[in-house]
Amino acid sequence: MPEGHTIHRLAAQHKDMFAGAAVRATSPQGRFAQGAALLDGRVLEGTDAHGKHLFHRYAGDVWLHVHLGLYGAFSHGGAPPPEPRGALRLRLVGETTYADLRGPTACEVIETPRRTVLLARLGPDPLRADADPVVAWRRVSRSPAPLGALLLNQQVLSGIGNVYRSEVLFRAGIAPHRPGRELAAAEWDALWTDLRRLLRAGVRSGRIVTTRPEDRRRGRAAAADRCYVYRRVGEPCRRCGTPVRAQLMAARTVSWCPHCQPR
DNA sequence: GCTAAATGTTGAT
DNA sequence: TCAACCTTTAGCT
């Protein structure tokens, strides 16, 4: 269930699990057999995440590039791994742990030039220390497109998915329909800062929780009331009780509260 | 057992 | 703008 926080978390986990030693790579499903053969026996030198793209750097300018897409997922455990079950695209086995990858949109072995092309398509990632929010602001502030679409556009900024886009706009009190060019610079700064805070919390916990404790029902754990508006169409807003609305925007369902986020 | 939906992207129209 | 694609799971029957 991948937005940017999932990918950065995986990069850190895989570095801990495998870096500095040779890994065994197989593709029990067969669809990545050639790539796995290229990786098998190589030493993992480091990991990296840009937006929703995960990279492993192996010795000899060999990179593994993974994009989980909508359904992709890793599962991890201690070595030795169990018998492969189901459609298992890639299995990496280290000295003490293993990682299984299922259902990714992209799983490929690449070299630096291809990686450069991939990264050139991505806007700044709020989770990265080298990200410059002004680069995204230039695009946003000149665009007639609604913010709800701009936030999902990985060329504008990267790592934001359908949950974070609805939730960060609720937290800012901004309707997703507002055109980017009608946003004030201070509002963009606040959105960027809040996105970074939310994403970092997601990396730490491994789940998306955007509600403040005072906005959760009494006694409810964060997991129960984790979002303000995402997938809550028709339910009462946690702040004002107005029914949450939803519509398609940029080919995905965006949700908002018409009272807390006036047009 | 079947169907629809899901935190996404790409390439064709 | 739309369909295709990758896979699992929830909610039906």
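Computation of the quantities below employed the complete heavy-atom set of this structure, encompassing side-chain atoms and omitting hydrogens, waters and symmetry-equivalent molecules.
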A:N153 CG - B:dG8 P separation (whole Å): 13 Å

Take the protein atom OH of A:Y71 and the nucleotide atom P of B:dT7, then report the distance between them rounded to whole Å. 10 Å

Would you classify A:E167 as touching base, sugar-phosphate or nothing, given that sugar-phosphate means primed atoms plus P, OP1 and OP2, and contacts are heavy atoms under 4.0 Å? nothing

On the nucleotide C:dC6, are OP1 or OP2 found under 4.0 Å from the side-chain N or O atoms that A:R89 carries? no

Going by side chain to side chain donor-acceptor pair (under 3.5 Å), A:D48 matches just one of A:H53, A:R115, A:H8. Which one? A:R115

Quickly work out the A:H67 NE2 to B:dT10 P distance and round it to whole Å. 7 Å

Heavy atoms of A:L151 and A:W188 approach each other most closely as CD2-CZ3, 4.4 Å

What nucleotide among B:dT7, C:dT8, B:dT9 has an atom nearest to a side-chain atom of A:H5? B:dT7

Let me know the distance between CG of A:L122 and P of B:dT10, rounded to the nearest Å. 9 Å

Rounded distance in Å - CZ (A:F74) to C1' (C:dC6): 14 Å

Taking atom P in both B:dT10 and C:dT8, compute the distance separating them and give it to the nearest angstrom. 22 Å

Short side-chain N/O contact to C:dT8 OP1/OP2 from A:R102, under 4.0 Å: yes

Among the nucleotides B:dT9, B:dA6, C:dT8, whichever has the atom closest to the side chain of A:Y230 is B:dA6

Write down the distance between CG (A:N162) and P (B:dT7), rounded to a whole number of angstrom. 5 Å

Basic-acidic side-chain contact under 4.0 Å: A:R178, A:E187: yes

Taking the minimum atom-to-atom distance to the side chain of A:E3, which one of B:dT9, C:dT7, B:dT7 wins? B:dT7

Are A:D125 and A:R196 close enough for a salt bridge, meaning some N to O gap below 4.0 Å? no

Electrostatic pair A:R212-A:D225, nearest N-O below 4.0 angstrom: no

Whole-angstrom distance between B:dT7 and C:dT1, as gauged at atom C1': 23 Å

Contact class for A:R252 (heavy atom, under 4.0 Å): base, sugar-phosphate, or nothing? base

Any side-chain N or O of A:Q29 less than 4.0 Å from the OP1 or OP2 oxygen of C:dT7? yes

If only side-chain N and O atoms of A:K52 are considered, is one of them under 4.0 Å from the OP1 or OP2 phosphate oxygen of B:dT7? no

Rounded to whole Å, please give me the gap between CG in A:L152 and C1' in B:dG8. 9 Å

In whole Å, what is the span from the CG atom of A:L198 to the C1' atom of B:dT7? 14 Å

By nearest atom, which of the nucleotides C:dT7, B:dT9, B:dT7 is closest to the A:A87 side chain? C:dT7

State plainly whether the residues A:R238 and A:D215 are in salt-bridge range, i.e. N to O under 4.0 Å. no

Please classify the nucleic acid contact of A:R165 as base, sugar-phosphate, or nothing, using heavy-atom distances under 4.0 Å. nothing

Pick the C1' atom in B:dG1 and in C:dC6, then give their distance to the nearest Å. 22 Å

